Amino acid sequence: MTATARPAPPPPLPQPTPETEPYWAGAREGVLRIQRCNSCRRHYFYPRSFCRYCASSDVEWTAVSGRARLVSYTINHRPLPPFASLPPVIALVELDEGPRLMTNIIGVPPLPDHLPLDMPLEVAFEERGDMVLPVFRPAGAAGQKEEPTA
């Protein structure tokens with residue numbers, strides 16, 4: 001009797017909640033939205049019903065520029081089977097509006113020489129299963145092809 005290989009399960013996807021649905025709806029529309037406090041006027045991320053700076057509940061969802069800079073990253077050289085098809089660069093980016101968020105970097109080889117800290121980035125959107133996720137690529141890289149990796 002021979003063993004048959006099972007296909008790897010698909011990677012887990014985010015599960016929108018009532019608090020995060022505007023973020024995911026924006027992604028489906030190709031718009032990066034985060035929250036801004038109407039009292040202190042600061043943007044913040046992750047989604048919540050009150051401002052993380054002044055605790056005001058007078059907050060709104062707003063579209064942001066999608067421009068960011070690379071703060072930190074890790075190159076996932078050995079992803080677990082469900083994640084093998086995802087981009088291997090997991091990053092922390094800082095939006096021009098101030099908040100930081102975790103994401104993937106696309107459009108560059110996953111090598112440190114191609115990922116300088118403070119690199120200007122821009123948002124892109126990728127379909128993954130039933131979801132659309134914001135990811136980032138080097139600014140001005142729209143339409144450029146990713147270089148193959150060895």
Side-chain angles (χ1 to χ4, degrees), residues 5-37 40-54 59-150:
R6 292 185 189 169
L13 295 171
Q15 298 298 312
T17 65
E19 292 82 15
T20 64
E21 181 52 38
Y23 176 79
W24 299 115
R28 285 189 299 276
E29 298 166 10
V31 176
L32 183 61
R33 289 187 189 131
I34 61 173
Q35 289 177 297
R36 182 179 59 196
C37 176
C40 72
R41 307 302 295 170
R42 294 177 78 176
H43 289 91
Y44 62 90
F45 189 83
Y46 66 89
R48 61 194 96 183
S49 60
F50 60 91
C51 175
R52 66 171 288 210
Y53 299 105
C54 71
V59 298
E60 67 180 348
W61 284 93
T62 183
V64 293
S65 68
R67 292 184 306 268
R69 69 180 184 89
L70 183 61
V71 174
S72 185
Y73 67 90
T74 187
I75 300 170
N76 192 1
H77 292 287
R78 301 181 97 181
L80 296 171
F83 297 99
S85 65
L86 297 179
V89 180
I90 302 164
L92 179 66
V93 303
E94 183 174 280
L95 300 174
D96 280 3
E97 293 79 10
R100 292 181 173 187
L101 58 109
M102 295 293 296
T103 187
N104 290 123
I105 302 295
I106 62 167
V108 296
L111 302 167
D113 289 347
H114 296 274
L115 297 161
L117 296 182
D118 290 326
M119 175 172 59
L121 302 167
E122 62 189 10
V123 72
F125 297 90
E126 284 191 345
E127 287 187 27
R128 294 193 190 161
D130 295 337
M131 299 290 295
V132 176
L133 277 64
V135 295
F136 284 78
R137 63 181 171 222
Q144 293 181 5
K145 295 200 174 208
E146 188 169 333
E147 296 178 28
T149 58

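If you're wondering where the values come from, they're calculated on a predicted model, not measured in any experiment. Only heavy atoms go into these numbers, but all of them, side chains included; no hydrogens, no water, no symmetry mates. Index from 1, following the sequence.
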Could you state the interatomic distance from [atom1] ([X]) to [atom2] ([Y]), rounded to the nearest 0.5 Å?
X	Y	atom1	atom2	answer
Leu92	Ile90	CG	CD1	12.0 Å
Leu133	Arg128	CG	CZ	5.0 Å
Ser49	Gln35	OG	CD	8.0 Å
His114	Ile75	NE2	CD1	10.0 Å
Ser72	Glu94	OG	CD	12.5 Å

- Tyr53 ring centre to Arg42 NZ or CZ under 6.0 Å, with the angle to the axis within 45°?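 Relative to the ring axis of Tyr53, which defines the angle, Arg42 lies inside both limits.
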Heavy-atom closest contact ([X] atom, [Y] atom, distance):
X	Y	answer
Val59	Cys51	CG1-N, 3.8 Å
Pro22	Pro18	CD-O, 3.9 Å
Leu121	Leu70	CD1-N, 3.7 Å
Gly129	Leu13	CA-CD1, 4.1 Å
Ala124	Arg137	CB-NH1, 3.5 Å
Pro134	Thr103	O-OG1, 3.2 Å

Discussion item. Below 30° counts as parallel, above 60° as perpendicular, anything between as tilted: where do the rings of Phe45 and Tyr23 land?
Written reply: tilted
With Phe136 as partner, the option from Val93, Asn104, Ile106 fulfilling side chain to side chain contact (heavy atoms under 4.5 Å, CB included) is Val93
Could you check whether atom [atom1] of [X] has more than 12 heavy atoms from other residues, nucleotides or ligands sitting under 6.0 Å from it?
X	atom1	answer
Glu60	CD	yes
Arg78	CZ	no
Tyr46	OH	no

*Are Arg28 and Glu21 close enough for a salt bridge, meaning some N to O gap below 4.0 Å?*
yes
Quiz item: Is a side-chain donor-acceptor pair under 3.5 Å present for Glu97 with Ser65?
Solution: yes
Fill in: Thr17 and Glu19 side chains, donor-acceptor separation under 3.5 Å
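Side-chain D/A pair, Glu19 to Thr17: present.
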Could you tell me whether the side chain of Tyr73 reaches within less than 4.5 Å of the side chain of Leu117, counting heavy atoms only?
yes
Q) Do Arg69 and Val71 touch side chain to side chain, with heavy atoms closer than 4.5 Å? A)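 Arg69 reaches Val71 side chain to side chain.
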Using the side chain to side chain contact (heavy atoms under 4.5 Å, CB included) rule, take Leu95 and His43 through it: C-alpha gap first, then chi angles, then the decisive distance, then the call.
-> CA-CA 10 Å; Leu95 300 174; His43 289 91; over 6 Å; no
